[in-house]
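In what follows, a single structure is set out as structure tokens and then discussed.
Quantities reported herein were computed from a predicted structural model and do not represent experimental measurements. Computed over heavy atoms, backbone and side chain alike; hydrogens, waters and symmetry mates excluded.
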Amino acid sequence: MADAVNGVVAVAVETPQHTGLGAPLDYSADALPPGTLVRVPLGRRDVPGIVWDRPAEAEAPPELRPVREVLAAMPPLGASWRQLVAFAAAYYQRGLGELALAVLPPELRKLDDVQLARRVARLRKPAVPARAARRAGLAAATAAAEAADAQHGVQPAADTPEAAPAFPPAEAGPPAAAEAPPLNDEQQAAVDAIGAAAGTYLLHGVTGSGKTEVYLHAAEAALAAGRQVLVMVPEINLTPQLEARLAQRFAGRRLVALHSALTPAQRLKHWLLAHLGEADLVLGTRLAVFASLPRLGLIVADEEHDPSFKQQEGARYSARDLAVYRGHLEGVPVVLGSATPSLETWQRVQEGRYTRLALSQRIGGGVLPRVRLFDMNTLPRQRGSAAPALAPALVDAVAERIERGEQSLLFLNRRGYAPVLHCTACGWKSGCPHCSAWRVFHKGDRSLRCHHCGFSERVPRACPDCGNLDIAPLGRGTERLEEQIAQLLPGARVARIDADTTRLKGSLEAQLGAVHAGDVDVLVGTQMIAKGHDFRRITLVAAVNPDSALFASDFRAPERLFALLMQAAGRAGRDAQQAARSEMWVQSWHPQHALYAALRKHDYEAFAASQLEERQSAGLPPFSSLALLRAEAREASIAQGFLRAASELAQAMADEAGVTLYPPVPPPVARVADVDRLQMLVESPSRVALQRLLAAWLPQLHALRSVHKGVLRWAVDVDPLAI
DNA sequence: AGCACGCCGACT
DNA sequence: GTCGGCGTGCTC
């Protein structure tokens, strides 16, 4: 361990990469173990920092300022945590200290040592009597004594096992609270494989095939071996039901949640419980991948294909990819669960780098719903009028369900009443004055709302350009679909769930509760309802208008659509006796498309194979690595000039390294809130070559801003989701 | 990123 | 005469 030498410590502080201050800074202090939280002077400010590993050979500048405060009440952050953070900072091209401090609970940086000691002491009082014996030695220590100990850099070794040994095989007799249903052979084989060796596992099974039960058993084994378990889900929405299930199964264990909807105080408490080794299970969203877990024994990433695992601002990390790295680093198994794995994951399975564990059957003998592709071209069209939103045959099928007391789910990935209003006389459309996008008509509050910048106005009575009173909605959103289905099926109880109806805290739960209670016949919603929720009485799911993704410029659009439709199909017929007559309807103008053919057969593998072939011939991920350099300015030409200059700086390097620089292009929505955006694609068949180029190139870009004035922001996105 | 210092316009 | 505009520059 490279401890402090000659009274010098390196401290990671919140300094952005582009200032040339991305690396830790040197301060004078008595020996402090790496990972210790400190406060240090920086310029005229006092900032929080983390003592970092300092290379022994590094020279100290002559005059160093002293560390101002040592927060010794908490054990230092472990070596593997620091390595994870250092890797993420380097890979996603951010300052080390910037990332390290950004992934700590915000509340932590506000505390001084005394306040921290008080909280730590409180949390170390065991919540469950059974834990008292094991923790007795630690709990006995007073906060003051702990603080005094830690002042000398002494920490109970048990709290910071830096190098975790290999995951031991599953043992019998963990203190499970609720009895588990018996596993089928495939589930048992999966649990055995995960328990046998560290590595990355793809748990591949359709909705209802019992993936969660495998997670629970694998977790049980890890807990029995005295380890902590990290479970990640893509969205906060999905935490409550999994939390309930984990809490029920592991009643004697301490379970904490980590996500951005917690209050600052809760987030700090949960994070500390994990860091102190008090929490046995951590359930969270992508930010939980950075939780400090001194006894980590298993990582689960459920719905690993979900785009929400990629952070979309600041350090744009992929929590799924970091989970895999972390598992490798700490020698613990990583389980990636999905019915429709990301093509990156699937390719790694093909290459033998990940192990596929297949769950091929639905639990309880349920079958997947029959997929019915409805060809919208067959609908008779009255002259001059648009095609109806819903095929009459689909409306009949919904009506049948209502008669039988069953529920239907209509899925339309577009909220609002209509995506755009237009004037039938002069052709005016409801564009946003600040963005290159249409403003969406929301009938509920009679507003025209831009979904990009939030600009909202009361919908005009007449055309703002020509005064014509006949302004009409174009296209359909969930509000309009809800209205139409209510008209087509009088007496049906119709509900709608989307971002607009769930704005208030607790309203999603309330609405889902109504569906479960049987108070709803037809549920209309966006992709929010396609994910995770376990509806028992739904026997019909319909994708009302999914075609747009087929021809999107985004190369991942088909992959996303397939996953979404498979997931939506999974909502139907989870109850075995209903499964036989469950149906998934897809209304399409292109029913012959290969994606739908694969969907009809629930054939992920065929779909993945054809997509991978396309990706390979196009030189796209997972057969190449990408990064996007983005720039924003009031005028596109300024952003353009900056990116061109950046490109020139890199050209020689790129040619040599086998990296391709593409010309700057506007993203799909080029102007948002009066700011023009441009982006430049950087591509290489070699991840390493791309990484090397970025590391050499990006530090030079800060200086460009003084030449290209007017660039408001620039940023790099490594492994971008969309290009 | 903050937060300084630093040199030019409209106000008590 | 100052209050304050945000342009450059530094932080171990």
Between P of B:dA1 and CG of A:L101, the distance in whole Å: 16 Å
For A:K269, is the NZ atom crowded, meaning more than 12 foreign heavy atoms sit under 6.0 Å from it? no
C:dC12, OP1 or OP2 - any side-chain N/O from A:R65 closer than 4.0 Å? yes
Length of the line joining A:L21:CG and B:dA1:C1', which is rounded to integer Å: 11 Å
Have a look at A:P24 and say if it touches a base, only the backbone sugar-phosphate, or nothing, with a 4.0 Å heavy-atom cut-off. nothing
Whole Å only: how far is the CG atom of A:D26 from the C1' atom of C:dC12? 6 Å
Nearest-Å distance, CG (A:L42) to P (C:dG9)? 18 Å
Taking for each residue the nucleotide of DNA chain B with the nearest heavy atom, is it A:H702 or A:R44 whose nucleotide lies nearer the 5' end? A:H702
Using atom CD of A:E14 as one end and atom P of B:dG2 as the other, report the distance to the nearest whole Å. 7 Å
When the distance from CG of A:L96 to P of C:dT11 is rounded to whole Å, what number comes out? 20 Å
A:W52 CH2 - C:dC12 C1' separation (whole Å): 17 Å
Does atom CZ of A:R630 have more than 12 heavy-atom neighbours, drawn from other residues, nucleotides or ligands, at distances under 6.0 Å? yes
Ionic contact status for A:R39 with A:D113, cut-off 4.0 Å: no
Distance below 4.0 Å between A:K709 side-chain N/O and C:dT8 OP1 or OP2: yes
For A:H259, what residues pass the ring-ring contact (aromatic ring centres under 6.0 Å, His included) criterion, not counting sequence neighbours? none
Rounded distance in Å - CZ (A:R54) to C1' (C:dC12): 10 Å
